[in-house]
Amino acid sequence: MASFTVYKGSKGGIAVKSTAPKPQLTGDKVLVRITASGLCGTDLHYLDQDITLGHEGVGVVEEVGPDAKYLKKGGRVGFGYEHDSCGDCRECLTGNETYCVDRAIYGTEKVTQGSFASYAVVRESFLHEIPEGLSDIDAAPLQCAGATVFAALRAHDTQPTETIGVIGLGGLGHLAIQFANKMGNRVVVLSSSDRKRGEAMKLGAHEFVVTKGKDKLEVSSPVNRLLVTTSAQPNWELLMPIMAPGSAVYLMSIADGNLEVPYMNLVLQGIAVQGSLVASRILHRQMLAFAALHNIKPITEVFPMTEEGVREAIGRLERGDIHLRAVLTAA
């Protein structure tokens with residue numbers, strides 16, 4: 001195999017079928033045959049760029065490089081947003097390689113491989129074995145969406161006695177509810193309408209609060225950690241009174257513009273605002289094990305990984321017509 005099929009962005013802002021040469025398997029690089037790929041809102045930001053799309057890949061090891069030590073042909077693996085880091089800086093040495101200044105992350109010139117493809121070549125160090133109990137379709141959205149919300153909860157020492165607030169019941173939010181519930185937390189979902197109440201409660205929420213049209217919110221327990229999973233900024237004036245002293249707000253998604261939060265609420269209540277990227281490798285692997293153990297699965301719609309299938313899935317995501325998460329599967 002000299003080349004394989006990929007689906008890339010284009011100047012016209014649509015996904016196009018193309019081919020990519022198979023890179024040499026030097027060092028610990030591994031050739032993965034893609035069986036499933038999640039479609040993330042982040043992918044929409046790169047539709048007009050000449051890159052292979054996708055960063056929620058799951059597949060089967062086909063071949064390993066000379067320095068690969070752990071993975072074997074036939075094993076199931078996944079990969080996400082980060083493909084490499086320097087391995088020697090403070091962030092890398094303390095398990096925070098997602099913030100390495102020399103990191104290779106999706107959407108940058110350092111990453112040429114994507115998950116909208118028939119194959120991908122990724123370093124063994126940045127591939128994660130998929131546990132039994134997780135199908136390829138279920139595992140794909142966990143590579144970014146699952147890893148993102150799990151990292152926010154685990155990297156900052158969340159305690160099971162705390163109340164977790166989740167803004168938005170979408171691709172990230174529906175996984176955040178499940179993870180927080182299984183970690184033993186009380187989960188409060190905040191949404192603009194009552195339409196998703198039933199689904200939120202079924203996923204593990206203990207309380208559902210409608211925010212639209214309200215000038216005051218009421219919760220049974222102040223929120224210790226608030227996960228903002230929507231791209232649109234919420235009404236901070238409305239949210240600050242329900243935050244506990246010493247609580248924290250975690251920003252999960254990508255949004256343009258500036259963040260404007262009431263200043264005095266932060267000062268008088270000791271509230272922190274924390275940016276949070278995807279999971280480090282150790283948290284990513286813990287997340288997969290935790291999801292398999294506790295039967296945490298995304299709610300998905302499945303599309304074939306063809307040019308038509310990719311375009312249909314992207315178009316529906318752009319229109320807000322995907323129910324929670326889209327997954328592309330090998331045709």
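All values below were derived from every heavy atom in this structure, side-chain atoms included, with hydrogens, water molecules and symmetry-related copies excluded.
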Spell out, yes or no, whether L142 and I137 are grouped together once hydrophobic residues are joined by side-chain heavy atoms under 4.5 Å, including indirect joins. no
Where V64 and L71 come nearest, the two heavy atoms and their spacing: CG1-O, 3.8 Å
Group every Ile, Leu, Val, Met, Phe, Trp and Tyr by side-chain heavy-atom contacts under 4.5 Å, then state whether V32 and L134 land in the same group. no
Counting N and O atoms only, with roles assigned by atom type, does the side chain of T108 sit under 3.5 Å from a partner on the main chain of A104, one being a donor and the other an acceptor? no
Close side-chain approach of L53 and L47, heavy atoms under 4.5 Å: yes
I'd like to know if the side chain of S221 and the backbone of T163 have a donor-acceptor N/O pair within less than 3.5 Å. no
For the residue pair Q233 and N258, what are the closest heavy atoms and their distance? NE2-O, 2.7 Å
Set out, in order, the CA-CA distance, both residues' side-chain angles and the distance that settles side-chain contact (heavy atoms from CB on, under 4.5 Å) for H156 and Y250, then state yes or no. CA-CA 10 Å; H156 305 288; Y250 299 95; 3.3 Å; yes
Does atom CD of E260 have more than 12 heavy-atom neighbours, drawn from other residues, nucleotides or ligands, at distances under 6.0 Å? no
Does a side-chain N-to-carboxylate-O contact under 4.0 Å join D102 and K110? yes
Mind checking the CG-CD1 spacing from L169 to I177? Nearest 0.5 Å is all I need. 4.5 Å
Show your working on side-chain contact (heavy atoms from CB on, under 4.5 Å) between D84 and F126 and close with a plain yes or no. CA-CA 7 Å; D84 205 353; F126 286 83; 3.7 Å; yes
Value for OG1 (T35) from CG (D136), rounded to nearest 0.5 Å, stands at 3.5 Å
Working to the nearest 0.5 angstrom, can you tell me the gap between R285 CZ and R281 CZ? 6.5 Å
Find the distance between CZ (R325) and CD (E301) and round it off to the nearest 0.5 Å. 12.5 Å
Quick check: do V30 and V122 have side-chain heavy atoms less than 4.5 Å from each other? no
Is any side-chain heavy atom of F150 closer than 4.5 Å to one of Q286? yes
Check the orientation of H294 and F290. Use parallel for under 30°, tilted for 30 to 60°, and perpendicular for over 60°. tilted
Return yes when atom CD of Q49 has more than 12 non-hydrogen atoms of other residues, nucleotides or ligands closer than 6.0 Å, and no otherwise. yes
I want to check something: taking the side chain as every heavy atom from C-beta on, are T158 and I164 in contact at a cut-off of under 4.5 Å? yes
Does D157 offer a backbone N or O that forms a donor-acceptor pair with the side chain of Q159 under 3.5 Å? yes
Within the 3.5 Å criterion, strictly below it, is a donor on D28 or S125 matched to an acceptor on the partner's side chain? yes
Atom CD1 of I296 and atom CE of M183: how far apart are they, to the nearest 0.5 Å? 7.0 Å
Test I299 against every option in D138, L324, L175 by the side-chain contact (heavy atoms from CB on, under 4.5 Å) rule and name the one that passes. L324
Kindly indicate whether the side chain of L39, heavy atoms from C-beta on, has any atom under 4.5 Å from the side chain of F116. yes
Nearest heavy atoms of G171 and A145, plus distance in Å: O-CB, 4.1 Å
Provide the closest heavy-atom pair for S85 versus E97 in the form atom of the first, atom of the second, distance. OG-CB, 3.6 Å
Say whether, by atom type as modelled, one donor and one acceptor occur between the side chain of D43 and the main chain of C40 under 3.5 angstrom. yes
Rounded to the nearest 0.5 Å, what separation is found between the CG atom of L127 and the NE2 atom of H83? 9.0 Å
Carefully, step by step, assess R225 and E162 under the rule side-chain contact (heavy atoms from CB on, under 4.5 Å). CA-CA 8 Å; R225 299 176 192 269; E162 294 177 332; 2.6 Å; yes
Joint cluster assignment, F179 & F208, ILVMFWY side-chain distance < 4.5 Å: yes
In the structure I gave you, are the side-chain heavy atoms of L31 and V61 within less than 4.5 Å of one another anywhere? no
Identify which one of K22, K73, K29 satisfies the salt bridge (Lys or Arg N to Asp or Glu O under 4.0 Å) criterion when paired with E63. K22
Is it the case that atom CD in Q274 sees more than 12 heavy atoms from other parts of the structure closer than 6.0 Å? yes
Check for a donor-acceptor pair, side chain of Q113 on one end and backbone N or O of V121 on the other, with a separation under 3.5 Å. yes
Knowing that exactly one of I34, V327, T5 qualifies, which makes a side-chain contact (heavy atoms from CB on, under 4.5 Å) with M305? I34
Verify, without hydrogens or angle tests, whether R76 (side chain) and P131 (backbone) share a donor-acceptor contact under 3.5 angstrom. yes
Residue pair H284 / Q143, side-chain donor-acceptor N/O under 3.5 Å: yes
So if you build clusters from Ile, Leu, Val, Met, Phe, Trp, Tyr with side-chain heavy-atom gaps below 4.5 Å, do V101 and I105 land together? no
Measure from the side-chain N and O atoms of N235 to the backbone N and O of E237, and report whether any donor-acceptor pair falls under 3.5 Å. yes
Beyond-backbone contact of L277 with R103, side-chain heavy atoms, under 4.5 angstrom: yes
Looking only at atom types and distance, does a side-chain atom of T300 sit under 3.5 Å from a main-chain N or O of V302, one as donor and one as acceptor? no
In the single-linkage hydrophobic clustering (I, L, V, M, F, W, Y; side-chain heavy atoms under 4.5 Å), do V209 and W236 co-cluster? yes
Pairwise side-chain contact, L190 with L226, heavy-atom cut-off 4.5 Å (strictly under): yes
Yes or no on side-chain contact (heavy atoms from CB on, under 4.5 Å) for M240 and V261, after CA distance, side-chain angles and deciding distance? CA-CA 9 Å; M240 285 295 131; V261 183; 3.7 Å; yes
L238 to K214 - nearest heavy-atom pair and separation: CD1-O, 3.6 Å
Using 30° and 60° as the class limits, which term best fits the ring planes of Y81 and H55: parallel, tilted or perpendicular? perpendicular
Would you mind checking if E207 and R186 are paired as a salt bridge, meaning a charged N to carboxylate O distance below 4.0 Å? yes
Would you confirm whether T148, through its side chain, and V278, through its main-chain N or O, come within 3.5 Å as a donor-acceptor pair? no
Spell out, as yes or no, whether a donor-acceptor pair under 3.5 Å connects the side chain of E56 to the backbone of S115. no
Any idea which heavy atoms bring M243 and V249 closest together, and the distance? CE-CG2, 3.8 Å
Quiz question: by atom type and distance under 3.5 Å, do the side chains of S192 and T211 form a donor-acceptor pair? no
